[in-house]
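Every heavy atom of this structure was used, including side-chain atoms; hydrogens, water molecules and symmetry mates were not.
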Amino acid sequence: MTSHATEVDLEELLRRVLESTGAGTRWTTDTDEMWCRLTPEAATLPQQGWKLHVSATSASAPVVLAKALGVLLRDESAFKFARSLDQVSALNSRATPRGSSGKFITVYPRSDADAARLAQALHTATAGLVGPRILSDQPYAVNSLVHYRYGAFVGRRLLSDQGLLVWYFEDPDGNPVEDVRTGQYAPPSWAVSPFPASVPAPPQKQQAPAGPVLIGGRFSVREAIRHTNKGGVYRGTDATTGAPVVIKEARPHVEADASGADVRDWLRAEARTLEKLAGTGLAPELLAMFEHGGHLFLAQEEIPGVPLRNWVAEHFRDAGAERYRADALTQAGRLIDLVAAAHARGCVLRDFTPGNIMVRPDGELRLIDLELAVLEDDEALPTTVGTPGFSAPERLMDAPVSPTADYYSLGATLCLVLAGKVPTLLPERPADRSADERLAEWLAAAQAALPFPDGLPEMILGLMKDAPAERWDPDVARAALRRTAWTRQQPPSTPDGRRPSAPRPDATPESAAAGIVEHLLDSMTPKDAQRLWPVSTRAGETDPCTVQQGAAGVLAVLTRYFELTGDPRLPEVISTAGRWIADRTDTRSTGPGLHFGGRGTAWALYDAARAVDDRGLADHAMALALAPQQPTLSHDITHGHAGSGLAAAHLWRRTGDPRLAERVVAAADRLAAAARPGPTGVSWPIPAEAVATEAGKRYLGFAHGTSGIGCFLLEAAAVADRPDYLDLAVAAGEELVAGAVRIGGATQWPAQAGDVPTAPYWCHGSAGIGSFLIRLWRTTCDERHAELARGAARAVVERASRAPLAQCHGLAGMGDFLLDMASATGDPSYHAMAEDLARLIAAERAHRDGHVVFPTEYGDVSTSWSDGSAGILAFLLRTRHTDSRHWTIQQPG
């Protein structure tokens, strides 16, 4: 994205206006990284109401702001605006969530009457200027930059039923209502609009038209493939031929630059590319380009099949590892040929990624989404848009168009197809390891754990060289592919034929663990009232004290690290963290569940208090553990009764307090009452009252289903000496036996009965289910459970190079299961497998100022238990110390 900061400074524009009008004395100005906020000195901001948004492009923003300031500075309603043109561009980018896009200026009117008056004035002031449509809002009038929606004005949040912090406002009776911010205008039914009905709100229910509605004079839309900020992609039918088509939409002013070019220009460029490739069989045939409702559309032939990214995951799942290997080599050859054929026709692709390649039912490949492609006789639109991990580094800095960038993308795509994923190489400080070196280290770790084709790592490294001029071209790659064979080889050589030297000292799991501890120690911020450690919020934000994403998860791992190593820095850190959590947890009542609720927090606090001999902290932990639990209809480990009961069982074993044993029994009794027998066993369907969208689902996994509940019931049977709880756990095991899917010696499970198998993670898949089954085997000696657990371990190992790194969805949780297997069976091979996974994790580390950090599955950094470095550290410690698994009562056996 090109910086505009030197062209127009929006904050300087504000300063000049305040000085020239003399309004500066009446307004307080505050800025952060994204926003410049203005609040009138004498104003009281309402907590909710009708808010206004004004859109702009990076080209029109200075004029829009100047016009809006002429209205807003005469009023007494607070407002904010994006503080720079780069921020305006970010708001309008194709990657911005549809519920947030386009909102250059936000106004918080003091009343409904003020909202209506200001909307009219802003509409008049900005008439004729350009900006994108704000999808979450209602336009004030046709082609107006002014939009409105009902929502929260101040940051009030509460925990949802899913354990996530959500914004909310109140209904007329004072009940909280989630302030949902999506790409659709949906005001609450009780909020009466003060605005004129010049643009009618969409009706709640629309009657189906009598016949098909055609756009472009010939195309009917059947369904949406996806909706993004730049526009939708739809499946439809060509009324003139009856043939299936794909229709792409481009919204005006999205991704607009200072010249006024936007995503419509990208769509026109795609049309030119499709015309160039017509009749070649490389891409869909172009059918038409047309405008409809002010948006630009491109209709093209629909290519049957699935995107390559889906094919990689689904074919590996369905075919099994052995068959997939042969098919993957065939696809690798086709990918090389596809790039070579496009280049031969004068087309540089610029976005050759697994999402932009379709696999037909016959296995043949086709290029799609060619909006970034450049023809040899066409002027390239400047762009830094790309696909992380697949776009060449120089491409993301808008380097001149070159086919060598496609070579890099080809290498990354081959890495996904043949190795399972492309590692996320986060930026380092200082950058003393090249990307070549880091990729080679990861490939070596992956090859040590799994069989790769001979020559595969060298081919990938050759195509993905840092220096564009040194990258292999398709002819060299094709020759190398012909020499490959699936064998278990020595670590790969580099493209120049040299074997890599011995692993660096900082590449070991022990070194990675030490670097994680340094990061956790230095990133703790006890003066921050909101978060003790930095976490990722890409999947939502939870209570800052809980296990899942909060301080309790990190505290538990640092406590264990201190107990195992005696690090003298840790007692003060543990005490500080414990007190921070204690100050923010209410012992009058607590939320349910182990990972999202207060019982898991109590577990972490009590163990920390014991480690540093803090009686006051231990008392607080016990008060939290014994506090009344807030009502819940959830049964599972993470959110429900099973998790609360498991924490009570752990603390009962620590303290012997009979009140905790009573809570174990109470949780088990609730689960017994909620159990639903079926033809093969027992399960716990989600009640409609708990999560309406999940109603009736019978999950099998550890986090949200039968496996986690069964694991708790095993412990409850031991605590209470209740054979009926054990019988229920055995019935849960029967449900899992019936739901197992065996492919080539690997055992997998669907997330819920009847679905296709899911990834082998702790949350829903083989790692979590196997963790319960191996414990059930130790209790019952039923060899079926041990056999399935062994198959689950094979599934984990076969898919290791494909996995993210974390506990919930990734290698840390998968490795912990392998260590459970080693402990339960006494077979050292499982420990060796776990060590391979530890080295694979360590190979994806990033060094930052003496710290070690790891990417989440979203590509950012987190310290949390579920998706970050705390959960990774817990697993790495177990590979070197005989120790029980976190959040279980004891090792199996």
Side-chain angles (χ1 to χ4, degrees), residues 161-163 590-600 602-603 625-626 628-653 659-678 680-691 694-739 751-753 763-764 768-769 771-773 775-776 779-780 785 887-889:
D161 291 338
Q162 289 74 44
T590 187
L594 172 57
H595 294 77
F596 287 82
R599 297 286 197 258
W603 181 331
L626 294 168
Q629 179 174 285
Q630 295 161 13
T632 183
L633 294 172
S634 295
H635 310 308
D636 62 19
I637 283 285
T638 55
H639 294 81
H641 294 296
S644 297
L646 195 64
H650 169 79
L651 291 169
W652 175 78
R653 290 192 179 277
R659 294 173 295 176
L660 292 166
E662 292 171 1
R663 282 158 175 74
V664 173
V665 171
D669 284 346
R670 289 190 181 95
L671 291 168
R676 294 294 178 266
T680 57
V682 68
S683 61
W684 286 264
I686 296 176
E689 301 85 354
V691 185
E694 299 279 284
K697 292 185 178 180
R698 299 170 183 253
Y699 287 120
L700 301 178
F702 203 99
H704 307 296
T706 301
S707 300
I709 294 170
C711 197
F712 162 64
L713 289 170
L714 281 178
E715 183 60 27
V719 170
D721 192 20
R722 289 277 297 269
D724 54 325
Y725 296 161
L726 177 57
D727 291 343
L728 200 55
V730 170
E734 291 301 316
E735 187 79 358
L736 299 170
V737 171
Q752 57 175 331
C763 184
H764 281 296
I769 293 172
S771 296
F772 165 56
L773 289 176
R775 287 167 169 78
L776 188 59
T779 302
T780 66
H785 302 148
W887 318 118
T888 58
I889 306 302

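- Formation of a donor-acceptor pair under 3.5 Å by the R663 side chain with backbone atoms of L626 is found in this model.
- Annotation: the span from H641 atom NE2 to L594 atom CG amounts to 14.5 Å, rounded to 0.5 Å.
- Ring orientation note: the planes of H704 and H764 are tilted relative to one another, at an angle of 30° to 60°.
- Interatomic distance, C763 SG to I769 CD1, rounded to the nearest 0.5 Å: 10.5 Å.
- The distance from the CZ atom of R698 to the CD atom of Q752 is 10.0 Å, given to the nearest 0.5 Å.
- Using cut-offs of 30° and 60° for the angle between ring planes, the H650 and W603 rings count as parallel.
- Between the side chains of T680 and E735, a donor-acceptor pair is found at a separation under 3.5 Å.
- Between the CZ atom in R653 and the CD atom in E715 there is a gap of 4.0 Å [rounded to 0.5 Å].
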Working for side-chain contact (heavy atoms from CB on, under 4.5 Å), residues Y725 and D669: CA-CA 9 Å; Y725 296 161; D669 284 346; 2.6 Å; yes
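- Put simply, the side chain of F772 reaches to within 4.5 Å of the side chain of L714, judged on heavy atoms.
- Side chain of T638 to main chain of A703: a donor-acceptor pair is present (N/O by atom type, distance under 3.5 Å, no hydrogens or angles).
- Annotation for L728 and A675: closest pair CD1-CB, 4.0 Å, computed over non-hydrogen atoms.
- Checked by atom type and distance alone, the side chain of S644 pairs as donor or acceptor with a backbone atom of G593 at under 3.5 Å.
- For the atom pair CD1 of I637 and CD1 of I709, the computed distance is 7.5 Å after rounding to the nearest 0.5 Å.
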Evaluate L736 against H785 for side-chain contact (heavy atoms from CB on, under 4.5 Å), listing each step before the verdict. CA-CA 9 Å; L736 299 170; H785 302 148; over 6 Å; no
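- Using a 4.5 Å heavy-atom cutoff, the side chains of R722 and V665 are in contact.
- Looking at heavy atoms from C-beta onward, L671 lies in side-chain contact with F712 at the 4.5 angstrom threshold.
- Side-chain N or O atoms of R676 include none that pairs as donor or acceptor with a backbone N or O of W684 at under 3.5 Å.
- Pairing each heavy atom of F702 with each of G768, the nearest pair is CD1-O, 3.2 Å.
- Of all heavy-atom pairs spanning A674 and H635, the tightest one is CB-CE1, 3.4 Å.
- Considering all non-hydrogen atoms of both residues, A625 and L651 come closest at CB-CD1, 3.5 Å.
- To the nearest 0.5 angstrom, L633 atom CG is 11.0 Å from R670 atom CZ.
- Using modelled atom types, one side-chain atom of T706 and one backbone atom of Y699 make a donor-acceptor pair closer than 3.5 Å.
- Side-chain N or O atoms of T632 include one that pairs as donor or acceptor with a backbone N or O of S634 at under 3.5 Å.
- Smallest separation of non-hydrogen atoms from L713 and A729: CB-CB, 4.0 Å.
- Smallest separation of non-hydrogen atoms from A732 and V682: N-CG1, 3.3 Å.
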